[in-house]
Protein chains: 2
Amino acid sequence: MGSIRGSIGGMRMSQGVEWALHCCLDLAWAEGAAVPGTRLAELHELPPAYLTKQLQALTKAGIVRSTPGPRGGYRLTRDPAEVTVLEVVTAVEGGDELFRCTDLLGQGPLQAGPRAARGTCAIHLTMSRAEHAWRRELAGTTIADLSGTVAATTPDAPGRVREWLTSR
Amino acid sequence: MGSIRGSIGGMRMSQGVEWALHCCLDLAWAEGAAVPGTRLAELHELPPAYLTKQLQALTKAGIVRSTPGPRGGYRLTRDPAEVTVLEVVTAVEGGDELFRCTDLLGQGPLQAGPRAARGTCAIHLTMSRAEHAWRRELAGTTIADLSGTVAATTPDAPGRVREWLTSR
DNA sequence: GGCTTGATACTCGGATAAATAGTGTCCGAGTCCTAGCGG
DNA sequence: CCGCTAGGACTCGGACACTATTTATCCGAGTATCAAGCC
């Protein structure tokens with residue numbers, strides 16, 4: 001009862017981000033081999049058509065490259081160490097800011113001055129700072145880093161995934 | 001054209017957060033005087049009934065205190081210096097994490113080990129770290145800080161708002 | 001004149017609809033591989 | 001036996017429904033104020 005249950009859900013990140021991140025990891029382990037979206041979907045037990053949609057976003061962002069037809073699929077365009085988590089998040093979620101300032105100070109009966117003209121309001125400033133810190137953290141981690149972390153706890157995982165993905 | 005236009009909107013923060021923050025600022029300037037939600041709404045030209053809903057969330061979180069009846073309204077329960085931006089955001093948006101890990105590694109044909117049992121996966125870890133940085137920034141700023149920033153650029157704003165709010 | 005008492009107006013609070021974004025699915029366009037046919 | 005050609009199967013990409021969340025609104029419950037009547 002002490003919780004906020006009754007009122008508002010809360011902003012959460014799109015499911016697609018998690019999927020895209022995992023797929024990037026898988027593709028890194030595939031080491032250049034083309035992997036169809038269908039294969040990735042059944043590896044994680046996800047809806048294939050919808051996962052394709054997320055991979056499409058990665059394609060538009062230039063993170064992966066797709067090739068149609070038999071033996072086709074998705075491949076990373078760059079080295080895993082050159083792809084940051086932020087890039088993936090931005091590709092799927094879009095680049096707009098979390099907080100959108102509607103310039104409340106500039107409107108209303110008081111018209112607290114045309115502050116929009118000379119800079120951002122205090123609230124917007126604080127939010128931007130926080131968001132920047134968030135992005136900085138995300139930009140500091142690459143797909144290769146994630147792979148390393150996983151390998152540290154489960155050394156055989158990459159190999160097993162690679163084998164399963166490339167198996168006929 | 002280079003943008004992500006076609007695919008996905010992007011996660012953005014609820015409008016209510018901005019409204020709630022501005023209202024906290026207004027209440028701080030009101031200096032303990034009770035201000036009805038209706039008054040706050042017309043100050044910012046916002047839908048009154050919906051703004052009330054946000055203030056309701058602040059009430060449940062214990063940030064403001066409401067009194068019904070004539071001469072009633074909302075008041076801050078604490079000193080503006082003791083209310084952080086994070087508290088307001090959490091009150092309105094809810095406390096759950098932005099990134100929700102669905103434990104993709106633990107499912108699927110490979111079953112990469114019951115990692116859920118021994119800790120969080122690499123992706124979840126990175127996301128949590130970034131989110132923590134975000135929260136830390138938000139927790140480092142108080143309503144009083146915001147007030148100070150505004151006063152630095154527009155010294156007469158607090159007084160004007162106070163007078164307008166407390167005028168019959 | 002002071003006090004009781006009733007009505008009134010104003011406030012918040014939760015329950016109820018409309019709009020928007022996220023989720024999920026389907027079918028068509030394009031490409032490569034494969035198998036058959038002819039030389 | 002080798003090259004050409006037609007078919008087929010597999011892939012992605014964008015267009016089309018469905019569900020959940022956000023946004024917005026309304027009406028009822030409660031309370032302090034105010035005014036009138038009574039002592």
Side-chain angles (χ1 to χ4, degrees), chain A residues 1 4-20 23 27 33-42 44-61 64-75 92-94 96 98-100 102 165 168, chain B residues 1 4-20 23 27 33-42 44-61 64-75 92-94 96 98-100 102 165 168:
Chain A
M1 191 186 287
I4 314 92
R5 199 62 58 236
S7 17
I8 293 185
M11 83 168 158
R12 56 185 197 296
M13 186 172 277
S14 167
Q15 195 89 4
V17 171
E18 184 179 15
W19 301 358
C23 286
L27 291 176
V35 181
T38 311
R39 184 63 58 106
L40 290 168
E42 58 181 327
H44 298 296
E45 291 179 346
L46 298 174
Y50 191 33
L51 178 60
T52 297
K53 198 177 182 63
Q54 314 301 339
L55 293 169
Q56 204 170 324
L58 292 180
T59 305
K60 284 184 180 173
V64 305
R65 194 66 184 164
S66 69
T67 54
R71 305 274 301 170
Y74 293 96
R75 282 185 293 266
V92 175
E93 282 289 338
D96 13 329
L98 283 70
F99 181 84
R100 173 185 41 174
T102 50
L165 285 176
R168 183 103 297 276
Chain B
M1 192 186 291
I4 314 89
R5 198 63 59 239
S7 16
I8 293 183
M11 82 168 159
R12 56 187 198 297
M13 186 173 277
S14 167
Q15 193 91 5
V17 171
E18 183 180 15
W19 300 358
C23 286
L27 291 177
V35 181
T38 312
R39 184 63 58 105
L40 290 168
E42 59 182 324
H44 298 296
E45 291 179 346
L46 298 174
Y50 190 33
L51 178 62
T52 296
K53 197 175 184 63
Q54 314 300 340
L55 294 170
Q56 204 169 323
L58 292 180
T59 304
K60 284 185 180 174
V64 304
R65 194 66 185 165
S66 68
T67 56
R71 303 276 300 171
Y74 293 96
R75 281 185 294 265
V92 176
E93 282 289 339
D96 13 327
L98 284 70
F99 181 84
R100 172 185 41 176
T102 50
L165 285 176
R168 185 100 297 276

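Note that these values count all heavy atoms, side chains included, but never hydrogens, waters or copies made by symmetry. Lettering follows sequence order; numbering is per chain, from 1.
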- request: Respond yes when some side-chain nitrogen or oxygen of B/Tyr50 is under 4.0 Å from OP1 or OP2 of C/dA18, and no when none is.
  value: no

- line: Result for 5'-nearest mapping on DNA chain D, choosing between A/Tyr74 and B/Leu51, is A/Tyr74

query: B/Lys53 NZ to D/dT21 C1': how many Å, rounded?
result: 12 Å

message: For B/Thr102, is there any backbone N or O sitting under 3.5 Å from a side-chain donor or acceptor partner on A/Glu18?
response: yes

message: As a test of reading the structure: which of C/dG13, D/dT23, C/dT31 is closest to the side chain of B/Gln15, going by heavy atoms?
response: D/dT23

message: Any heavy-atom pair between the side chains of A/Leu40 and A/Leu46 that's under 4.5 Å?
response: no

- request: Mind calculating the distance between CE (B/Met11) and P (C/dG22) to the nearest angstrom?
  value: 11 Å

task: May I have the distance from A/Glu18 (atom CD) to C/dG22 (atom P), rounded to whole angstrom?
output: 17 Å

- prompt: When you measure from the side chain of A/Ala49, which nucleotide among D/dC12, C/dT25, C/dT23 comes out closest?
  reply: C/dT25

- prompt: For B/Gly16, which contact category applies under a 4.0 Å heavy-atom criterion: base, sugar-phosphate, or nothing?
  reply: nothing

task: Starting at atom CD of B/Gln54, determine the distance to atom C1' of C/dC12, rounded to an integer number of angstrom.
output: 15 Å

- prompt: Taking the side chain of B/Lys60 as its heavy atoms from C-beta onward, which of D/dT23, C/dC32, C/dG14 lies nearest to it?
  reply: C/dG14

- prompt: With a 4.5 Å heavy-atom cut-off, do B/Val64 and B/Leu55 have their side chains touching?
  reply: no

- prompt: So, do A/Met11 and A/Leu98 sit near enough that their side-chain heavy atoms are less than 4.5 Å apart?
  reply: yes

- prompt: Over how many whole Å does the gap from B/Leu46 atom CG to D/dT23 atom C1' extend?
  reply: 13 Å

message: On DNA chain C, compare the nucleotides closest to B/Thr67 and A/Pro47; which residue's is nearer the 5' end?
response: B/Thr67

- prompt: Of the nucleotides D/dC12, C/dG13, D/dA24, which one has an atom closest to the side chain of B/Thr59?
  reply: C/dG13

message: Please tell me if A/Ser66 has a side-chain N or O lying less than 4.0 Å from either OP1 or OP2 of D/dG13.
response: yes

message: On DNA chain C, compare the nucleotides closest to B/Gly37 and B/Arg12; which residue's is nearer the 5' end?
response: B/Gly37

field: Between P of D/dT11 and CZ of A/Arg39, the distance in whole Å
entry: 8 Å

statement: Here the distance between atom C1' of D/dA20 and atom CZ of B/Arg100, to the nearest Å, is 11 Å

message: From CG of B/Leu27 over to C1' of C/dC12, roughly how many Å is that when rounded to an integer?
response: 14 Å

message: Looking at C/dC12, I'd like to know if its phosphate oxygens (OP1 or OP2) sit under 4.0 Å from a side-chain N or O belonging to B/Gln56.
response: no

Side-chain N,O (B/Ser14) to OP1/OP2 (D/dT23) below 4.0 Å: yes

- request: Verify, without hydrogens or angle tests, whether B/Glu93 (side chain) and B/Ser14 (backbone) share a donor-acceptor contact under 3.5 angstrom.
  value: yes

